[in-house]
Amino acid sequence: MQSTVDLRNILKRIDGRGYKAYKEIKGQYSFDFFSLFIDHVQGDPFAAPSKIRVRVAQSAVSFPAELLRSPHRKLGLADALIRIIDQNIKKVARLHRGTGKSGLIQIDVGSQEILPRTALKITDSFFEARMEIGLPARGRTILGQHAEAMIFNELPFIVEQSLFYQNIDQLKVRQFAEYVENYFALQKQLKEKGLVALIADDAILPRESGISSKPLSGTQAIPFKSPEELKISLSLPNPVNGQSQITGCGIPQGITLIVGGGFHGKSTLLKAIELGVYPHVLGDGREYVVTVPDAVKIRAEDGRRVEKVDIRSFINHLPGNRNAARFCTEDASGSTSQAANIIEAMESGASLLLVDEDTSATNFMIRDARMQALVHKEFEPITPFIDRVREMYERFNISTILVMGGSGDYFSVADTVIMMKEYKPQVVTAEAKKIAEQLNTNRTFEREFEWQTITERSPLPESFNPAKGKKEVKIEARGLNSIQFGTSNIDLQQIEQIVDISQTRAIGFALYFLSRRWMDGQLTVRQLLERLQDFWKTEGLDSLNPLHKSEEHPGNFAQPRTFEVAAALNRYRRLRVRQIKTD
Ligand code: ADP
Ligand code: MG
């Protein structure tokens, strides 16, 4: 490790020279109260910024041991610290220090969700923040004095004000740590209590706008109130406002229907449940909307590719002799895409499906008596969802929450019916069942055969080629919902449970990682995802990018769920699989 004097000397020497001379500062430097690692130096002021790490000894920052007591507390603490670092960066970093990204300092901070991420690592001996800086230049001429100001004034200020316990908002970090522990404790209780989701009383579900994940402001939003029939209390390991119980609406396993007039808050409720698979920042309004971790949003997604999915339970006897047992298409229809989405979610281990009529294919969801009379079953390949949804629960233990304002046919198959009325939920199961008896739909149950198994698939590793041009590995997140993988583009536009571009990036690298490490044409999608999950549990996200050396800035990753990794795998247009025959 070099001294700060060495670093100052280099900066003085290269001042005014061409940008490439910055490469000399790569290395490790010992400051008074932290170590600085300059791992990667950018090639020019417009290139991706340089990668650095700052490390402080745990003995020096004096955090109380109870904040580090469990992995969930550490996750909450790390997330709070990243947000504090981000705030302090905004206080001092000056973006106008020259050309391009000159003067930039940044850390990969999350938005409304709290996710494990590489931006801050906590070990038994140190805290390490992984950041980026834009080394300053005018044109391509190094501005050494500006670099000195960034590294010797701004950076130490940020470290001192963000990573030392005596200098930070202690209440905030404690609340984050305790909250994340609460969230996961509740999630664990759901399964034990036969529930799939909890929506706490007073939760704020609506968002500011269709393009913002911030809460709708206090006066406009109507807080959630649980109907009496579904009210439950779950215990919290850390009391909130002096309460060690949280009360709210517990949605039971089985088939739950959310009905109600248009614009009465049905989709908003479902959306909150969808994202309840993640803890949320304090103040979000959805902190205590908690969903089982294996809940998957299902929708129609015409245009997607499908690779050898056995969709016969939903769609069979396709025209033109297409094989529904190993259904392939480069351009799925609404109904076939929705069928494939369900089978793939089951294959990946989902225990709860979330379906909204707004984004479903009508012919996949319902086929009423009149249509059954006109279009005879032998000319209709589709077995609608309504005729499978109970079987999915009874045979495979997969629950469904379904928003359906348009068809009462579903009353017959639902266990619980919730009606949204002016954003207030009511339980109307008994009325719905009575109506179902009185007003017969006259439709015929159209299941052609009993659903025996899910046909599993094994991805072939040779389908994954991340090379592009001279680059052996070119994997990039292009926005939240698109991954460049080699020369291919993976479209994740309809994958609604990805919430952070660093998850998207991680998904891209996870595919590569899976293909190199475990894919062998034998292991199934499910087995591969389980290995990945175990690997993340023990190793974290640091070694996801194989191009980075182990003791370097690992790149900015946030942990995705394995369901979203599977979603990307299934939408990768070069995927080839082998079906595993179980019978
Ligand atoms: P639906 O699916 O029943 O047609 P939405 O869930 O799309 O209705 O909600 C309609 C509108 O009402 C949206 O603009 C949404 O933001 C707003 N909204 C939903 N829930 C609430 C609430 N609890 N308080 C205030 N506004 C809400
Ligand atoms: Mg809706």
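In listed order, ligands and their atoms are each counted from 1. It should be emphasised that the depicted structure is a prediction, and the values quoted were computed from it without experimental measurement.
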For the side chain of [X] and the backbone of [Y], is there at least one donor-acceptor N/O pair under 3.5 Å apart?
X    : Y    : value
Y288 : T247 : no
R561 : P293 : yes
R390 : V413 : yes
Q338 : A361 : yes

- Any N/O pair H264/ligand 1 closer than 3.5 Å: yes

- Best match, A272, G262, S267: closest heavy atom to atom 7 (O) of ligand 1: S267

- Message: My understanding is that we take every heavy atom of each candidate and find the minimum distance to atom 27 (C) of ligand 1. Doing that for F263, Y423, F224, which one comes out nearest?
- Response: Y423

Protein contact of [atom] - nearest heavy atom, named by residue and atom, plus distance:
atom                    : answer
atom 5 (P) of ligand 1  : T268 OG1, 3.5 Å
atom 23 (N) of ligand 1 : I222 O, 2.9 Å
atom 8 (O) of ligand 1  : G265 N, 3.2 Å
atom 16 (O) of ligand 1 : P206 CB, 3.8 Å
atom 25 (C) of ligand 1 : Q220 O, 3.5 Å

- Which atoms of ligand 1 have any heavy atom of G261 under 4.0 Å away? 3 (O)

- Enumerated ligand 1 atoms positioned under 4.0 Å from heavy atoms of A221: 24 (N), 25 (C)

Taking 4.0 angstrom as the limit, do [X] and [Y] come out as a salt bridge?
X    : Y    : result
E391 : R447 : yes
R571 : E301 : yes
R526 : E530 : yes
R573 : E330 : yes
E496 : K271 : yes
D358 : R299 : no

- Query: Which bit of K271 is near ligand 1, meaning a heavy atom under 4.0 Å away: side chain, backbone, both or neither?
  - Reply: neither

- Note on the structure: Note on the Mg ion (ligand 2): protein N/O/S atoms within less than 2.8 Å are S267 OG, D358 OD2

- Query: Given side chains that start at C-beta, do those of I366 and Y410 come closer than 4.5 Å, heavy atoms only?
  - Reply: yes

- Under 4.0 angstrom from ligand 1, any heavy atom of M420? no

- Item | Over-ring placement of R388 relative to F449, 6.0 Å and 45° cut-offs | yes

